[in-house]
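Throughout, protein chains are lettered first and strands after them, A, B, ... in sequence-line order, and every chain is numbered starting at 1. Bear in mind that the values here come from a model prediction, so they are computed numbers and not experimental data.
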Protein chains: 2
Amino acid sequence: MAKTQKSGDVYDPSCSARDALELIASKWAMLILPALADGPMRSGALLRRIGGVSQKMLTQTLRELEKNGLVIRQDMQTVPPHVEYRLSPLGASLSDVLVALDRWAELHFPELDAARERFLRRRS
Amino acid sequence: MAKTQKSGDVYDPSCSARDALELIASKWAMLILPALADGPMRSGALLRRIGGVSQKMLTQTLRELEKNGLVIRQDMQTVPPHVEYRLSPLGASLSDVLVALDRWAELHFPELDAARERFLRRRS
DNA sequence: ACCTACAGGTACCAAAAGGTGCGTAATTGA
DNA sequence: TCAATTACGCACCTTTTGGTACCTGTAGGT
C-alpha cells in the first residue's frame with residue numbers, strides 16, 4: 001500500500017485524489033466525456049465529433065477512462081466489429097462538471113484572446 | 001488571421017475555444033486557480049500550498065495564466081522582492097468551475113480507485 | 001561571517017504525450 | 001474485384017512537459 005490517503009485533498013500530492021485530477025486534466029478526456037453525455041456513441045462517431053483527435057489518442061483515452069470506471073465499453077461481438085461507449089453513472093456526474101468547463105471555454109475564449117493581445121502590445 | 005472562428009465550439013479544433021480549454025487542462029492550472037480563490041498569495045505561499053509543484057512549473061504556469069488575463073501579478077518593487085498574485089474577475093469565474101472539479105476529485109477518487117482494482121482483477 | 005528567504009532565470013536532461021503509417025479480418029457496395 | 005468501413009494493436013518518430021541543479025542580489029537573523 002503505497003499511496004492510500006483518506007484525506008481527500010487535491011493539494012496533497014500523495015493523495016490519490018491527485019491521480020483523479022490528472023486523469024481529468026487531459027485535453028481529450030475533457031471532450032470525450034461531455035460528448036458521451038448525449039448518449040452512447042461508437043468510436044467512429046466520436047472520431048468525427050471531436051475534431052482533431054487521432055484514432056490512437058481516442059482509443060487510448062477511452063481505455064484509460066474505462067479502466068477508471070467512467071466509461072463503459074460494450075462490444076456487440078459482431079463482425080465487422082460494433083462497439084459502443086457510454087458513460088457510467090460516475091462518468092455522468094463528472095461529465096456534468098466538464099460540460100460546465102467546456103461551456104466556460106466557449107463563452108470566454110474571446111476575453112482570453114483579447115488579454116493575450118493586450119499582453120503582447122504591452123511588451124512591444 | 002489564422003485561427004479566428006466565432007462559432008465558439010470546443011469540438012472544432014480551429015476554434016480558439018480549444019486553445020482556452022488546453023490552457024485550462026493543465027494539472028497545475030487546476031490547482032493554482034482554486035488556490036488563489038481564497039485571496040491573493042505570494043509565490044512562496046503557493047509553493048507550500050500546492051504539494052509537489054516545482055518552482056519552475058509554478059512560475060511557468062503563473063506566467064501563462066497572466067498572459068491570458070486570468071491572474072494578475074502585482075510587483076511591490078521592493079527589495080527583497082515582494083510579489084502577489086491574484087485572480088482577475090475572469091480568472092475568478094473560471095476558478096469557480098475548477099473548484100467544482102477539484103471537489104469532484106476529492107469526493108469520488110475512492111470510486112475511481114475501486115474501479116481500477118476491479119479492472120485489474122478482471123484481467124487476472 | 002554565514003545562512004535563509006525572497007522571486008525568479010537558465011541550462012541540461014529524462015519522461016510522457018501524441019502523430020503517422022501499417023496490419024488484422026470480414027462485410028457491404030461499386 | 002477493388003475499395004471502404006468497422007475497431008483496433010503495434011512500431012517508429014517528434015514534440016512537449018517537467019524535473020534538477022545552479023545562478024542572480026538583497027535584507028534580516030544567529
Side-chain angles (χ1 to χ4, degrees), chain A residues 10-11 13-14 18-33 35-36 39-68 71-86 119 123, chain B residues 10-11 13-14 18-33 35-36 40-68 71-86 119 122-123:
Chain A
V10 284
Y11 294 108
S14 70
R18 183 66 75 83
D19 296 343
L21 201 63
E22 288 181 35
L23 173 71
I24 301 166
S26 137
K27 178 164 70 160
W28 301 123
M30 285 196 170
L31 292 169
I32 292 174
L33 289 171
L36 289 175
M41 277 186 135
R42 306 181 59 171
S43 83
L46 281 168
L47 208 53
R48 283 183 294 271
R49 176 81 204 277
I50 301 172
V53 70
S54 67
Q55 221 232 20
K56 178 191 164 189
M57 285 314 297
L58 178 62
T59 25
Q60 199 174 103
T61 309
L62 282 170
R63 293 281 169 280
E64 206 59 30
L65 295 175
E66 189 197 357
K67 253 202 325 203
N68 287 269
V71 158
I72 295 165
R73 179 179 186 274
Q74 192 157 18
D75 190 339
M76 307 308 186
Q77 304 284 5
T78 62
V79 61
H82 181 109
V83 178
E84 287 201 345
Y85 295 93
R86 63 178 210 275
F119 194 86
R123 347 233 108 203
Chain B
V10 284
Y11 293 108
S14 70
R18 183 67 76 84
D19 296 344
L21 200 64
E22 289 182 35
L23 173 72
I24 301 165
S26 135
K27 178 164 71 161
W28 300 122
M30 286 198 168
L31 292 169
I32 292 174
L33 290 172
L36 289 174
M41 277 187 137
R42 306 180 60 171
S43 82
L46 282 168
L47 208 54
R48 283 183 293 272
R49 176 79 204 277
I50 301 173
V53 70
S54 67
Q55 218 231 21
K56 179 191 164 189
M57 285 314 297
L58 178 62
T59 24
Q60 201 175 101
T61 309
L62 282 170
R63 294 280 169 280
E64 205 60 29
L65 295 174
E66 189 196 358
K67 251 201 327 201
N68 287 268
V71 158
I72 296 165
R73 178 179 186 276
Q74 192 159 17
D75 191 337
M76 307 308 187
Q77 305 283 6
T78 62
V79 60
H82 181 110
V83 179
E84 286 202 345
Y85 295 94
R86 63 177 209 275
F119 193 85
R122 184 139 351 155
R123 342 236 112 201

Set of side-chain contact (heavy atoms from CB on, under 4.5 Å) partners for [X], sequence neighbours left out:
X      : answer
A29(A) : S26(A), T61(A), L65(A)
V53(B) : W28(B), L47(B), I50(B), M57(B), L58(B)
T59(B) : R63(B)

- Return the residues of residues 41-50 of chain A meeting this criterion: a heavy atom under 4.0 Å from some atom of DNA chain D. Order them by number, or give none.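 Here the set is R42(A), S43(A), G44(A), R48(A).
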- Message: Applying salt bridge (Lys or Arg N to Asp or Glu O under 4.0 Å) as the test, list every pair that has at least one member in residues 49-58 of chain A; sequence neighbours left out.
- Response: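 Of all non-adjacent pairs touching residues 49-58 of chain A, those that pass salt bridge (Lys or Arg N to Asp or Glu O under 4.0 Å) are D38(A)-R49(A).
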Nearest whole Å is fine: how far is [N] [atom2] from [X] [atom1]?
X      : N       : atom1 : atom2 : value
Q74(A) : dA7(D)  : CD    : C1'   : 15 Å
D75(A) : dA7(D)  : CG    : P     : 10 Å
M30(A) : dA17(C) : CE    : P     : 15 Å
E66(A) : dA7(D)  : CD    : P     : 15 Å
L58(B) : dC6(C)  : CG    : P     : 13 Å
H82(B) : dG8(C)  : NE2   : P     : 11 Å
R73(B) : dC6(C)  : CZ    : C1'   : 12 Å

- Message: Measuring only between side-chain heavy atoms, which start at C-beta, is L33(B) closer than 4.5 Å to I24(B)?
- Response: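 With C-beta onward as the side chain, the pair stays apart.
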- So, do L21(B) and M30(A) sit near enough that their side-chain heavy atoms are less than 4.5 Å apart?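 Yes, at least one pair of side-chain atoms sits under 4.5 Å.
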- When you check every protein heavy atom under 4.0 Å of nucleotides 12-30 of chain D, what one-letter string (B, S, -) results, 5' to 3'? ------BBB----BBS---
List for me each residue that meets salt bridge (Lys or Arg N to Asp or Glu O under 4.0 Å) alongside [X], sequence neighbours excluded, and say none if there are none.
X      : value
R42(B) : none
E84(B) : none
R48(B) : none

- Message: Checking the side chain of R73(B) only, and the main-chain atoms of Y85(B) only, is there a donor and an acceptor separated by less than 3.5 Å?
- Response: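 Looks like no, no N/O pair under 3.5 Å.
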- Message: What stems show up for DNA chain C when you take Watson-Crick pairs (N1-N3 plus N6-O4 or O6-N4) and G-U wobbles (N1-O2, O6-N3), both under 3.5 Å, and require three or more consecutive pairs?
- Response: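 Result, WC/G-U stems under 3.5 Å: C:1-30 with D:1-30.
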- Task: Under the side chain to side chain donor-acceptor pair (under 3.5 Å) rule, collect the residues that match up with Q74(A), sequence neighbours excluded.
- Result: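 If we apply the side chain to side chain donor-acceptor pair (under 3.5 Å) test to Q74(A), skipping adjacent residues, the hits are R86(A).
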